[in-house]
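Working notes, structure below.
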Amino acid sequence: MIADQRPRPDPRLAFDPRALGLSEPGRAFFRRGTVLVARSLVGAWIARRWRGRWYGGRIVETEAYLGPADRAAHSWNGRRTPRIEPMYADGGHLYVFLVYGMHHCANVVTRREGVAEAVLLRAAEAPGDAPARLLAGPGKLCAGLGISVRDSGLDLVSDGPVRIFVPRRRSRVRIGVSPRIGIDYAGDAKVWPLRFFDIQSAAVSR
DNA sequence: CACATGATCGCCT
DNA sequence: GGCGATCATGTGG
């Protein structure tokens, strides 16, 4: 018997993608423009498979990070280090980093291999009877699902343990736009309108 | 409700 | 050696 190498997700996040009419987008979905992907991911689902079951939530808040010209992005000024390396992967990969020594942040990599842009997943709505704000915040989203830096670099498109699902029918989500959170150091980029959120959701940070 | 603070550590300078 | 794409808790108005 081999022990699980990764933490158990919060059991209240269990859900069934098929029952909800969700499907998986292909590589092309993630290779599109980063702002478009960020908007498209509002209303999509982030999910993790653990012991054959799916755990996750409906994404309600995202931020686009635009690469070398974006002072708020880790890839600003062409920076390329082992930690950041997954940002340079092909669209549809996962980039996870640690902030403040204790919280993890999950990002969906966009564009093509070599172009270091990504979408930060800031908040999701927990399914079913789970507390609405269980995944409200990037750190809480990762904690709830049990996602950590060990998952950085995973391919979201192939048959892996972390995946993205989208509604088959285009959802009618009213999307709000604002500057990004927590990047006061980013100069002119700090006011860029790159945060997208579901206006109706109670899980969006305020 | 609006701040202010502490926790905690890998990464880059 | 400084600091951050955060969060929970505490204080005071």
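Below, read A as the first sequence line, B as the second, and so on, with proteins coming before strands; counting in each chain starts at 1.
- We find that CH2 of A:Trp76 is positioned 14 Å from P of B:dC12, with the value rounded to whole Å.
- The pair A:Arg31-A:Asp90 meets the salt-bridge criterion, with a side-chain N (NZ, NE, NH1 or NH2) lying under 4.0 Å from an Asp/Glu carboxylate O.
- Between A:Phe97 atom CZ and B:dC12 atom P there is a gap of 12 Å when expressed in whole angstrom units.
- In this structure the side chain of A:Pro9 never reaches within 4.5 angstrom of the side chain of A:Arg53, judged on heavy atoms.
- B:dT8: no Watson-Crick or G-U partner with both key distances under 3.5 Å is found in any strand.
- Minimum atom distance to the side chain of A:Leu98 is reached by B:dG10, of the listed B:dA7, B:dG10, C:dG4.
- Rounded to whole angstrom, the span from the CD atom of A:Glu85 across to the P atom of B:dC11 amounts to 13 Å.
- Comparing C:dT6, C:dA5, B:dC12 by their closest approach to the side chain of A:Tyr100 singles out C:dT6.
- Proximity note for A:Thr81 (side chain, C-beta onward) versus B:dC12, C:dA5, B:dT8: the nearest is B:dC12.
- The CG-P distance, from A:Leu135 to C:dT6, rounds to 16 Å in whole Å.
- A salt bridge links A:Glu117 to A:Arg111: at least one charged side-chain nitrogen sits closer than 4.0 Å to a carboxylate oxygen.
- Across the protein-nucleic acid pair, A:Arg180 atom CZ and C:dT6 atom C1' stand 17 Å apart, rounded to whole Å.
- Separating the CG atom of A:Leu121 from the P atom of C:dT6 is a distance of 13 Å, rounded to the nearest angstrom.
- Residue A:Cys105 places its side chain closer to C:dA5 than to any other of B:dC12, C:dA5, C:dC7.
- Among C:dT6, C:dA8, C:dG4, the nucleotide with an atom closest to any side-chain atom of A:Lys140 is C:dA8.
- If you take atom C1' in C:dA8 and the same atom in B:dG10, they sit 22 Å apart, rounded to whole Å.
- B:dG10 atom P lies 16 Å from atom CD1 of A:Ile84, rounded to whole Å.
- Residue ring and base: A:Tyr65 counts as stacked with C:dA5 (centre distance below 5.5 Å, interplanar angle below 30°).
- Within 4.0 Å (heavy atoms only), A:Arg83 reaches sugar-phosphate atoms of the nucleic acid but no base atom.
- At the phosphate of C:dT6, OP1 or OP2 sits under 4.0 Å from a side-chain N or O atom of A:Arg122.
- Using a 4.0 Å cut-off between charged side-chain N and carboxylate O, A:Asp10 and A:Lys140 make no salt bridge.
- Heavy atoms of A:His74 sit under 4.0 angstrom from at least one base atom.
- Within the 4.0 angstrom heavy-atom criterion, only backbone atoms of the sugar-phosphate kind lie near A:Ile183; the bases stay farther away.
- Within the 4.0 angstrom heavy-atom criterion, base atoms lie near A:Gly101.
- Taking a cutoff of 4.0 Å between a charged side-chain nitrogen and a carboxylate oxygen, A:Asp198 and A:Arg58 qualify as a salt bridge.
- The structure places CD of A:Glu63 at 6.5 Å from CZ of A:Arg195, a figure rounded to the nearest 0.5 Å.
- Look at C:dA5: it lacks any Watson-Crick or wobble partner with both distances under 3.5 angstrom.
- When rounded to the nearest whole Å, the span between CZ of A:Arg195 and C1' of C:dT6 equals 14 Å.
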